[in-house]
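Heads up: the structure comes next, in structure tokens.
The basis for the numbers below is simple: all heavy atoms, side chains too, and nothing from hydrogens, waters or symmetry mates.
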Amino acid sequence: MNGTLTAVILAAGKGTRMGSDLPKVAHEVAGLPMVLWVAKACAEAGCSRIVVVVGYEQEVVRGVFEEHWGPSMGLDDLPPVEFCEQTEQLGTGHAVVCAQPHLAAEASQPGNAVFVLAGDGPLLRAETLDTLHTLFREKNAAAAMATAVLDDPSGYGRIVRDASGTFAAIVEQNDATPEQLAINEVNPSYYCFDTERLFETLKNITPSGASGEYYITDVPSLLLEAGERVEVVDAVPAQDVLSINTPEQLAVVDGVMQQRLSGRSLNGEPAV
């Protein structure tokens, strides 16, 4: 059974360090609001539907798609985009739960895949999503994650492996021991889940003691505890996971994207 392939993009946050009232995901990278680069990668990877979780200034995020999600994206067949609201900022796990009503059909039986992605990661590549989805299917996994190896892993969740090198857990930086902080393999938040298993497992996550929020990062280890298969692959180039939390970081990512486009306009035609 091939199953369906959908995506949930988390785009409800404010981005307080950006120094702007504009939602972080609406800031432009290479002339396009950054969340659209994420959605475009999902479309190129073959998603049939995209659900965007909105919250802060949601009208702005919705407007971004109303304005741009069409022929100007340079793709012949764009999947429909739907929106769901996260009324309280209770973490990434809670944000995905907010999308559950939109994915009820996909969650009603096993074998359907869903990407869960952050809307502020515009350097995401469709090839990375293809790698994740292929691994998910070939291994008949409950989840597949892509990781990155960084010289400076500060700020990222660390990928903890056991003595045999098998994935064990994601540990957020604030919760990491000194030994774990020395780990250079990090979680860039690229996930492919079995939709049914994802929402069943989300029922079992508990709030973080430090923040009281519910984190999607708890799901892979809970799946392992339940005897499910979780695949992890180092498939993300370090440059692709550059953080965007400040205007300065936005400028760096914009430069990387401009270089990647190499003189092409957004619709693929030669730039004037």
List the residues meeting salt bridge (Lys or Arg N to Asp or Glu O under 4.0 Å) with [X], not counting sequence neighbours, and say none if there are none.
| X | answer |
| --- | --- |
| E82 | R49 |
| E57 | none |
| E127 | none |

Subject >> Listed once per pair and sorted, the ring-ring contact (aromatic ring centres under 6.0 Å, His included) pairs that draw on residues 53-90, sequence neighbours left out >> reply: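 Residue pairs with at least one partner in residues 53-90: F65-W69, F65-F83.
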**OP:** For E200, check side-chain hydrogen bond (donor to acceptor under 3.5 Å, both in side chains) against everything at least two apart and list the hits.
**Re:**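 Testing E200 for side-chain hydrogen bond (donor to acceptor under 3.5 Å, both in side chains), a comparison that skips the adjacent residues, returns K203.
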Original post:
Residues two or more places apart in sequence or in another chain: which of them pass ring-ring contact (aromatic ring centres under 6.0 Å, His included) with Y191?
Top reply: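 Y191 satisfies ring-ring contact (aromatic ring centres under 6.0 Å, His included) with F193 once adjacent residues are dropped.
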Run the side chain to side chain contact (heavy atoms under 4.5 Å, CB included) test against [X] and tell me which residues pass, sequence neighbours left out.
| X | answer |
| --- | --- |
| T206 | none |
| A26 | L22, P23, V60, V64 |
| T177 | E179, Q180 |

**OP:** Provide the full list of side-chain hydrogen bond (donor to acceptor under 3.5 Å, both in side chains) pairs with a residue in residues 89-100, sequence neighbours left out, each pair given once.
**Re:**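 As it turns out, the side-chain hydrogen bond (donor to acceptor under 3.5 Å, both in side chains) pairs with a partner in residues 89-100, which skip direct neighbours, are Q86-H94.
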Original post:
Does anything in residues 147-156 pair up under side-chain hydrogen bond (donor to acceptor under 3.5 Å, both in side chains), and if so which pairs, sequence neighbours excluded?
Top reply: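 side-chain hydrogen bond (donor to acceptor under 3.5 Å, both in side chains) check on residues 147-156 returns T147-E185, D152-S154, Y156-S243.
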Original post:
What's the verdict on side chain to side chain contact (heavy atoms under 4.5 Å, CB included) for D254 and Q258, showing C-alpha distance, side-chain angles and the deciding distance?
Top reply: CA-CA 6 Å; D254 182 82; Q258 296 281 8; 3.7 Å; yes
Sub-3.5 Å donor-acceptor pair from the side chain of [X] to the main-chain atoms of [Y], do we have one?
| X | Y | result |
| --- | --- | --- |
| K24 | G13 | no |
| T134 | T131 | no |
| N184 | V149 | no |
| Q58 | V54 | no |
| N187 | R158 | no |

Subject >> Side-chain donor-acceptor pair present, T4, T6, cut-off under 3.5 Å >> reply: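 No, T6 and T4 have no side-chain donor paired with an acceptor closer than 3.5 Å.
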Original post:
Under the 4.5 Å side-chain heavy-atom rule for ILVMFWY, direct or indirect, which residues accompany I183?
Top reply: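 V160, V171, all in the cluster of I183.
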**OP:** Answer whether the closest heavy-atom distance between the side chains of V25 and P33 falls below 4.5 Å.
**Re:**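 Contact flag for V25/P33 side chains = no.
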Original post:
Counting only heavy atoms not in D77, do more than 12 fall under 6.0 Å of its CG?
Top reply: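 No.
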